Amino acid sequence: MSDPAGEVKLEVKQASKEVKESENVAEKYSAMTVSKNSEMNMGELSSAFSAVPTHKPVKKQIQFVEDKQEFSRFPTKAGRRSLSRSISQSSTDSYSSAASYTDSSDDESSPRDKTQVNSKGSSDFCVKNIKQAEFGRREIEIAEQDMSALISLRKRAQSEKPLAGAKIVGCTHITAQTAVLIETLVALGAQCRWTACNIYSTQNEVAAALSETGVAVFAWKGESEDDFWWCIDHCVNSEGWQPNMILDDGGDLTHWMYKKYPNVFKKIRGIVEESVTGVHRLYQLSKAGKLCVPAMNVNDSVTKQKFDNLYCCRESILDGLKRTTDVMFGGKQMVVCGYGEVGKGCCAALKALGAVVSITEIDPICALQACMDGFRVVKLNEVIRQVDVIITCTGNKNVVTRDQLDRMKNGSIVCNMGHSNTEIDVASLRTPELTWERVRSQVDHVIWPDGKRVILLAEGRLLNLSCSTVPTFVLSITATTQALALIELYNAPEGRYKQDVYLLPKKMDEYVASLHLTTFDAHLTELSDEQAKYLGLNKNGPFKPNYYRY
Amino acid sequence: MSVQVVAAKMAEVELKDVPTVKDSPAGSPMTPTSEGKTLVRSDPHEAGSSAAASPTAEPSAKAGEDSLGLLNPNPAKMPQASAMKRTDPQQNGGEAFVNRDGTVAEAPRMKKIQFADQKQEFNKRPSKIGRRSLSRSISQSSTDSYSSAASYTDSSDDETSPRDKQQKNSKGNGDFCIKNIKQADFGRREIEIAEQEMPALMALRKRAQGEKPLAGAKVVGCTHITAQTAVLMETLSALGAQCRWAACNIYSTQNEVAAALAEGGFSVFAWKGESEDDFWWCIDRCVNVEGWQPNMILDDGGDLTHWIYKKYPNMFKKIKGIVEESVTGVHRLYQLSKAGKLCVPAMNVNDSVTKQKFDNLYCCRESILDGLKRTTDVMFGGKQVVVCGYGEVGKGCCAALKAMGSIVYVTEIDPICALQACMDGFRLVKLNEVIRQVDIVITCTGNKNVVVREYLDRMKNGCIVCNMGHSNTEIDVASLRTPELTWERVRSQVDHVIWPDGKRIVLLAEGRLLNLSCSTVPTFVLSITATTQALALIELYNAPEGRYKQDVYLLPKKMDEYVASLHLPTFDAHLTELSDEQAKYLGLNKNGPFKPNYYRY
């Protein structure tokens with residue numbers, strides 16, 4: 001205990017060995033592709049640290065990955081507050097201990113009570129343990145490799161320093177990917193102060209690494225509600241430093257500033273908001289006429305939307321189902337509730353594996369799309385008795401009710417890919433006549449009196465968060481979009497943006513996409529002058545009218 | 001001998017293909033009234049019309065370079081064996097085989113098939129590119145392979161202009177101007193067939209018939225006059241509207257359908273093969289009538305709107321709205337609106353979600369395979385294909401080709417679409433990187449000179465080049481008309497361009513739109529458009545004062561959703577309904593609209 005850092009190091013070696021032995025495949029995999037997913041890497045290491053000694057590394061590792069992902073990004077989509085309950089549940093069961101290198105168990109004193117100083121003598125931060133900075137740095141370096149877009153943005157714009165003079169206060173998940181974003185902003189000339197938008201999602205060692213480089217970070221894993229607001233307040237309320245840009249995820253920071261420091265908004269040039277919840281709050285403010293600065297809704301940018309929903313879910317549905325149930329997809333009858341972006345992704349993936357897919361939908365346009373894509377559009381009641389897997393992705397509530405669960409056949413799988421944990425009426429299953437059996441982490445058998453079993457995944461919470469990974473590539477899209485939104489708002493000439501909520505300009509959206517094309521070795525064709533003239537377009541974009549649907 | 005074989009083959013094809021349409025064609029020869037006409041029709045048609053067509057076409061072919069007329073496939077030139085094979089596929093649009101088929105009994109049936117296709121070609125696609133710009137190429141194609149059979153009677157049998165004839169329908173009404181009112185029966189049959197394939201419009205007719213939402217509406221229309229349009233017009237009429245109609249394209253009118261409409265009491269001014277002067281005369285007659293002032297405009301291409309603006313600006317005082325279908329027309333409306341000259345609300349139905357998806361993504365997904373097969377009989381598996389452009393059309397083409405096992409490359413200028421292509425598993429390349437190795441080049445960019453002579457020079461022997469895009473500018477065909485290259489017409493719509501070293505490039509439809517020239521537009525797609533137009537008219541006509549200002553609007557999402565829902569029964573699709581509780585949770589109305597306006601589908 002006297003030298004926790006040393007101990008930790010030792011463990012790392014041990015653990016990484018174990019990991020190597022047991023996880024050869026995974027390692028290879030991660031080396032090639034998933035290591036793009038630095039969360040995974042981080043999972044490996046962290047599992048190594050706290051978990052290995054007592055548990056089988058393999059299992060842990062998988063769980064960690066899931067765990068972190070659950071925390072790191074999606075809660076924002078459903079709103080931090082509403083999800084915190086279910087998160088805390090899961091964090092006390094399977095995932096509890098290992099999400100960070102050091103767990104609270106080894107040091108119970110609150111970071112708020114500690115005075116820490118980084119190597120440059122600055123103490124304007126509050127993190128778990130500044131000594132973890134080195135590990136955090138490693139995490140960040142891994143993430144950098146997989147966020148080539150942000151790095152190339154850094155290179156391209158470094159000389160211009162488009163954010164010179166920007167003072168950005170941020171409130172997002174504090175992960176290695178965010179760190180890459182923050183350091184990019186710093187490289188472009190900005191000063192940053194940062195806090196966490198979720199009390200569980202912070203990677204302590206990353207926070208330490210950031211603090212070490214001089215970014216004022218106020219965040220640690222496992223904050224209390226009170227800590228949460230204390231951190232935000234410390235972030236904003238700093239002597240001699242007034243922010244002029246806000247980067248928010250969930251709207252808590254914006255909310256706090258509106259409530260406590262309305263005067264600060266005089267200097268603020270703009271807000272960049274990432275989450276659905278936060279955007280919703282901004283639109284409400286705007287409707288009420290209370291929005292006094294321009295705000296940029298990056299959540300609805302084309303590129304981000306496609307990656308968050310269509311592409312991400314197309315992969316995670318298979319991944320999530322395989323990891324949890326090892327089900328074989330070919331020939332299975334599946335019903336996907338909802339044919340929006342998420343539903344389209346799920347259906348495409350399942351169809352490709354030979355599953356027989358039906359759709360339920362309320363919107364006739366989406367229903368017609370499903371028909372034209374070759375899926376049967378049914379009502380859930382018509383097929384409930386015969387399906388093997390039910391996947392909900394409607395964003396609605398009580399899509400699968402007890403009545404329908406009663407009629408499902410033995411061994412059918414029920415899971416949720418949608419917005420929140422309301423789609424499957426899980427509460428209705430918590431009755432005395434049904435037996436719940438936890439067969440694996442995130443997998444419950446619910447057993448009817450007659451012996452019928454229904455397999456419920458992640459207790460109806462989001463499968464893609466709970467049982468699958470979010471690739472760093474997707475996070476890279478988001479982070480790049482945020483960076484460009486900040487640049488755009490900061491550099492916009494007076495009057496371009498009024499006190500309203502804006503979508504990211506198409507040109508920026510296109511730029512985000514183009515920065516990611518190198519990953520695929522994709523070669524974009526350029527318009528000739530003659531062609532550009534013929535089309536009436538600028539050679540450098542934007543290439544499509546605003547209403548274009550992609 | 002070969003002729004007989006062909007005929008026999010066709011019969012088979014027909015049986016396979018047409019079971020759905022069975023009853024009507026079977027019925028047609030039976031009806032006494034029609035019989036005489038059938039005969040009349042089939043003869044001149046087979047003999048006369050083909051004869052008529054080729055003379056007209058051939059001179060033009062000789063005369064001008066651009067007269068692609070080329071087309072008249074010189075049957076003699078074709079090797080017989082290939083002729084047999086090719087004729088049937090390609091034929092759907094082409095009359096070539098009509099000419100050959102002998103028996104009267106078969107004729108009507110075959111006709112049906114051809115009509116359907118033919119119609120499709122004319123009646124919708126031109127609108128997208130704009131009547132004006134395409135009329136040239138259409139006229140070319142209409143004088144070559146498709147010439148004779150677009151209408152039961154061809155101009156050859158009656159050379160007097162409809163403008164000089166006095167005709168009355170059976171009710172004694174003479175307020176129309178068409179080729180020949182006596183063809184009404186045939187037209188009616190056409191319309192009945194179309195009705196069967198347009199269930200959505202028929203459902204709309206039934207649902208709204210009681211309310212008569214268009215009671216009092218006086219609609220003046222200018223669209224392609226085809227059986228599908230007729231179903232639309234009769235639907236409007238059933239909903240309470242009075243209609244006067246002119247054609248938006250001088251070649252696309254189905255004379256017998258126009259006759260059937262005139263017989264049904266519609267004032268139709270249109271015939272196949274109008275002159276430019278006829279065209280404006282028809283529009284004028286349509287608008288300028290004593291004691292009748294239109295209060296709604298349904299336009300396709302913007303010519304009617306333009307004419308009224310120019311000649312009868314006062315008329316706009318009474319007009320409640322304009323519904324415009326084509327890209328060109330919408331563009332003109334936006335220009336008017338920008339100039340502050342638009343004095344009534346206009347509805348842009350071209351950009352409605354449902355219509356867009358069907359016109360582009362779904363339609364092209366099928367027609368790319370169809371068009372390539374009909375023209376070249378190419379096998380897709382393992383072929384290297386490059387698709388230029390990854391918009392809706394490109395996405396459709398790529399999906400279809402990938403499903404057939406082709407190796408697909410994409411070129412794109414827009415990074416967002418490029419990224420989509422990457423994520424969908426296509427290699428994104430520049431054209432000159434792969435031009436030497438690809439077997440097929442498909443353009444769908446809407447741009448010009450995407451495939452230039454330099455690329456064509458470097459393609460490998462046998463490479464197929466075709467265009468699915470917006471216009472005939474994408475492939476620089478003009479650059480191939482040089483003395484050192486030999487052009488060989490091997491089939492209708494298929495040219496071999498031969499380099500001095502013997503290399504051949506297979507150029508389809510001379511760079512015009514493959515999906516128009518060599519493939520069909522399904523009635524289902526036209527049904528989407530027609531339903532959208534009908535709903536747009538209803539919406540504009542019934543909108544409370546002030547909902548629509550003097551601007552160009554998109555169809556309200558709710559209407560768009562309604563169009564989609566009317567087409568769902570075709571798929572036996574069962575839409576789920578929101579419970580009250582769920583609707584409340586989502587903050588939606590149970591009946592839609594279900595998505596915000598910026599939703600991308």
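Fair warning: this is a prediction, and the values are worked out from it, not measured in the lab.
- With contacts defined as side-chain heavy-atom distances shorter than 4.5 Å, the pair Asn398(A)/Glu581(B) qualifies.
- Residues Met423(B) and Arg314(A) have side chains in contact (heavy-atom distance under 4.5 Å, counting atoms from C-beta outward).
- Interatomic distance, Ser352(B) OG to Ile365(A) CD1, rounded to the nearest 0.5 Å: 7.5 Å.
- Counting heavy-atom pairs under 4.5 Å between each of Val410(B), Asp560(B), Asn447(B) and chain A puts Asn447(B) at the top.
- By number of non-hydrogen pairs under 4.5 angstrom with chain B, the leading residue of His516(A), Glu341(A), Arg376(A) is Arg376(A).
- Residues Asp373(A) and Tyr362(B) form a side-chain contact, since some pair of their non-hydrogen atoms from C-beta on lies under 4.5 Å apart.
- Screening Glu433(B), Glu412(B), Arg427(B) against His523(A) for a side chain to side chain donor-acceptor pair (under 3.5 Å) leaves a single residue, Glu433(B).
- The neighbour count for Gln386(A) CD, taken as heavy atoms of other residues, nucleotides or ligands under 6.0 Å away, is above 12.
- Heavy-atom distances place the side chain of Thr473(B), and not its backbone, under 4.5 Å from chain A.
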Go through it in stages, so that I can follow the logic: the residues are Val377(A) and Phe571(B), the test is side chain to side chain contact (heavy atoms under 4.5 Å, CB included), and I'd like the CA-CA distance, side-chain angles, deciding distance and then a yes or no. CA-CA 8 Å; Val377(A) 177; Phe571(B) 301 106; over 6 Å; no

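- Contacts with chain A were tallied for Leu588(B), Asp572(B), Thr445(B); Asp572(B) has the most, counting heavy-atom pairs under 4.5 Å.
- The choice from Tyr585(B), Tyr390(B), Tyr562(B), Tyr599(B) that makes the most heavy-atom pairs within less than 4.5 Å of chain A is Tyr585(B).
- Heavy atoms from other residues, nucleotides or ligands lying under 6.0 Å from CD of Gln335(B) number more than 12.
- Interface remark: of the candidates Leu566(B), Val563(B), Leu578(B), Thr354(B), Leu578(B) forms the most heavy-atom pairs closer than 4.5 Å to chain A.
- Within the 4.5 angstrom heavy-atom criterion, no atom of Asn597(B) approaches chain A.
- Between chain A and the residues Leu568(B), Leu554(B), Val429(B), the largest count of heavy-atom pairs under 4.5 Å involves Leu568(B).
- With hydrogens and angles ignored, the 3.5 Å screen pairs a side-chain donor or acceptor of Gln582(B) with a backbone N or O of Lys397(A).
- Shortest non-hydrogen contact noted between Leu586(B) and Gly395(A) is CD2-O, 3.3 Å.
- At least one side-chain heavy atom of Leu419(B) sits under 4.5 Å from a side-chain heavy atom of Ile477(A).
- Neither the backbone nor the side chain of Phe375(A) comes within contact range of chain B, judged by heavy atoms closer than 4.5 Å.
- In terms of heavy-atom pairs under 4.5 Å with chain A, the best-connected choice from Cys422(B), Ser565(B), Gly592(B) is Cys422(B).
- Tyr550(A) has its side chain within reach of Cys417(B): a pair of non-hydrogen atoms, C-beta onward, lies under 4.5 Å apart.
- Val353(B) touches chain A through backbone and side chain together, each having a heavy atom under 4.5 Å away.
- When the heavy atoms of residues 449-456 of chain B are compared with those of chain A, the residues falling under 4.5 Å are Asn449(B), Val450(B), listed by number.
- Between Glu561(B) and Asp363(A) there is a side-chain heavy-atom pair separated by less than 4.5 Å.
- Residue contact with chain A, scored on non-hydrogen atoms closer than 4.5 Å, is absent for Lys590(B).
- The parts of Lys379(A) that come within reach of chain B are both its backbone and its side chain, each placing non-hydrogen atoms under 4.5 angstrom from that chain.
- For Asp521(A), the parts lying under 4.5 angstrom from a heavy atom of chain B are both the backbone and the side chain.
- Under a cut-off of 6.0 angstrom, the local environment of NZ in Lys533(A) is sparse, with at most 12 non-hydrogen atoms contributed by other residues, nucleotides or ligands.
- Contact annotation for Phe426(B): neither backbone nor side-chain heavy atoms come within less than 4.5 Å of a heavy atom of chain A.
- Contact of Thr411(B) with chain A is made through backbone and side chain together, with heavy-atom distances under 4.5 Å.
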